[in-house]
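Beneath this line is the structure, given in structure tokens, with notes to follow.
Note: hydrogens, waters and symmetry copies are ignored here, and every other heavy atom, side chains too, is used. One is the number of the first residue; the rest follow in order along the sequence. Each ligand, and each atom within it, is numbered from 1 in the order the structure gives.
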Amino acid sequence: MTPIQLTPRQKKIVEIVKRSGPITGELIAKEVNLTRATLRPDLAILTMSGILDARPRVGYFYSGKSAGSLLVEEIRRMRVKDLKSVPVVVREETSVYDAIVTLFVEDVGTLIVVSEGGFLEGVVSRKDLLKVTIGQNDVRQVPVNMAMTRMPNIIITTMDETIHLAAAKLIEHQVDALPVVRKIINDQGLEKLEVVGRITKSNITQLFVELGEDK
Ligand code: ADP
């Protein structure tokens with residue numbers, strides 16, 4: 001994932017081609033007072049990155065892709081598997097007290113609740129845990145499944161889904177995290193969702209910062 005950073009000379013070439021394209025390499029070289037050979041690596045970078053197109057005997061022309069639109073393409077190409085974090089999971093019978101301790105220890109805001117084998121059962125958020133706690137329950141006795149949102153109401157994502165779609169789900173459903181799952185058909189022919197990761201608003205924010213820094 002490397003958004004294109006153009007050198008001043010490459011920017012100049014793009015400007016010339018935008019203004020005068022289609023234009024031959026020879027003429028571009030003349031405009032910038034350099035030889036065709038000197039420009040060759042720059043032209044190669046610009047055509048390979050899709051900013052310029054080249055046609056034999058016609059020359060170079062602007063393909064309409066700015067660094068910004070290449071960045072958009074990059075975002076749309078990225079998959080959940082490129083960004084996901086490890087899932088932080090608890091079992092249904094875990095107490096609310098232990099779930100709260102896990103939030104602190106693992107430094108997360110959402111826990112994924114799984115059955116034996118790591119299959120998705122539900123999700124429990126900070127506020128879910130606060131709600132049962134202020135209900136004056138004995139949080140050491142109450143299991144987390146009393147507080148969680150459960151299947152089939154869980155919004156999920158998969159390894160090959162685009163980051164863009166996963167981020168759109170976070171916004172649309174107003175949740176902080178999505179379990180990343182792999183679909184498995186068990187011995188009884190039933191579909192199960194194995195939890196293999198999580199995507200959070202923090203992952204997306206991190207990506208935004210990295211793209212902005214041109215890493
Ligand atoms: P908080 O409740 O701490 O603000 P969220 O906004 O993530 O955190 O959660 C809001 C509600 O949505 C909670 O009741 C939580 O159980 C539920 N929830 C969280 N993540 C999901 C998800 N991926 N799918 C369905 N429900 C979710």
Side-chain angles (χ1 to χ4, degrees), residues 1 72 74-186 188-212:
M1 184 191 60
V72 169
E74 189 62 49
I75 291 170
R76 296 212 174 131
R77 208 173 20 239
M78 283 192 72
R79 306 283 147 176
V80 163
K81 63 176 167 233
D82 303 325
L83 197 69
K84 71 176 173 60
S85 304
V86 291
V88 178
V89 302
V90 292
R91 297 288 296 272
E92 278 197 71
E93 57 275 13
T94 306
S95 70
V96 165
Y97 181 93
D98 285 341
I100 292 170
V101 171
T102 308
L103 279 191
F104 283 101
V105 172
E106 301 287 344
D107 195 17
V108 292
T110 309
L111 300 172
I112 302 174
V113 184
V114 295
S115 59
E116 193 175 351
F119 298 112
L120 182 62
E121 295 292 329
V123 164
V124 67
S125 72
R126 269 181 281 233
K127 275 188 224 145
D128 293 333
L129 293 169
L130 275 175
K131 210 191 292 170
V132 276
T133 306
I134 59 169
Q136 293 175 347
N137 296 294
D138 179 357
V139 291
R140 289 177 196 267
Q141 299 304 324
V142 180
V144 91
N145 69 11
M146 299 290 287
M148 72 184 189
T149 300
R150 62 178 62 244
M151 285 290 283
N153 297 323
I154 304 299
I155 312 302
I156 53 167
T157 182
T158 54
M159 293 285 218
D160 289 319
E161 199 162 275
T162 62
I163 292 295
H164 189 249
L165 181 56
K169 285 179 176 178
L170 288 171
I171 295 296
E172 187 190 340
H173 298 281
Q174 299 183 357
V175 292
D176 292 348
L178 302 178
V180 182
V181 300
R182 183 183 291 138
K183 289 182 184 158
I184 284 178
I185 306 293
N186 74 4
Q188 287 93 50
L190 293 172
E191 188 181 90
K192 290 281 211 172
L193 302 178
E194 185 191 1
V195 177
V196 291
R198 75 193 151 97
I199 286 284
T200 66
K201 285 185 175 169
S202 301
N203 293 133
I204 309 292
T205 309
Q206 175 79 34
L207 174 65
F208 182 87
V209 170
E210 280 175 21
L211 290 172

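Nearest protein neighbour of atom 13 (C) of ligand 1, counting heavy atoms only, is Asp128 OD1, 3.3 Å. Atom 7 (O) of ligand 1 has Asp176 N, 2.9 Å as its closest protein atom, hydrogens excluded (heavy atom only). At the top of the distance list for atom 4 (O) of ligand 1, counting protein heavy atoms only, stands Lys127 NZ, 3.0 Å. Nearest non-hydrogen protein atom to atom 17 (C) of ligand 1 is Thr149 OG1, 3.5 Å. The single protein non-hydrogen atom nearest to atom 24 (N) of ligand 1 is Ile155 N, 2.8 Å, given as residue, atom name and distance.
Close approach to Val123 involves these atoms of ligand 1, each under 4.0 Å from a residue heavy atom: 16 (O), 19 (C), 20 (N), 21 (C). Interface of Val175 with ligand 1, defined as ligand atoms under 4.0 Å from a residue heavy atom, comprises 6 (O), 7 (O), 12 (O), 18 (N), 19 (C), 20 (N), 21 (C), 27 (C). Of all atoms in ligand 1, listed by their number and element, those nearer than 4.0 Å to a heavy atom of Gln174 are 6 (O). For ligand 1, the atoms sitting less than 4.0 Å from at least one non-hydrogen atom of Ser125 are 1 (P), 2 (O), 3 (O), 8 (O), 9 (O), 13 (C), 15 (C), numbered in the order shown with element in parentheses.
Judged by the shortest distance from any of its heavy atoms, Gly109 lies outside the 4.0 Å radius around the atoms of ligand 1.
Not a single donor-acceptor pair under 3.5 Å links the side chain of Arg91 to the backbone N or O of Val113. Using a distance-only test at 3.5 Å, with no hydrogens or angles considered, no donor-acceptor pair links the side chain of Lys131 to the main chain of Ala147.
In this structure, the side chains of Val123 and Leu111 stay at 4.5 Å or more apart for every pair of heavy atoms. Two residues are said to be in side-chain contact when any heavy atoms from C-beta on lie closer than 4.5 Å; Thr200 and Asp176 fail this criterion. Taking the side chain as every heavy atom from C-beta outward, Glu93 and Asn145 never approach each other to under 4.5 Å. Side chains of His173 and Leu178 form no contact here, defined as non-hydrogen atoms less than 4.5 Å apart.
Within the 4.0 Å cut-off (strictly below), no protein heavy atom is located near atom 11 (C) of ligand 1.
Ligand 1 has no nitrogen or oxygen under 3.5 angstrom from a nitrogen or oxygen of Met148. No N or O atom of Pro179 sits closer than 3.5 Å to an N or O atom of ligand 1.
Salt-bridge formation is detected for the pair Glu74/Arg77: a Lys NZ or Arg NE/NH1/NH2 atom is positioned less than 4.0 Å from an Asp or Glu carboxylate oxygen.
Taking a 6.0 Å sphere around CE of Met146, one finds it holds 12 or fewer heavy atoms contributed by other residues, nucleotides or ligands. Summarising the local packing, CG of Asp107 is surrounded by 12 or fewer heavy atoms from other residues, nucleotides or ligands at distances under 6.0 Å.
The part of Asn153 lying near ligand 1 is the backbone, judged by heavy-atom distances below 4.0 Å.
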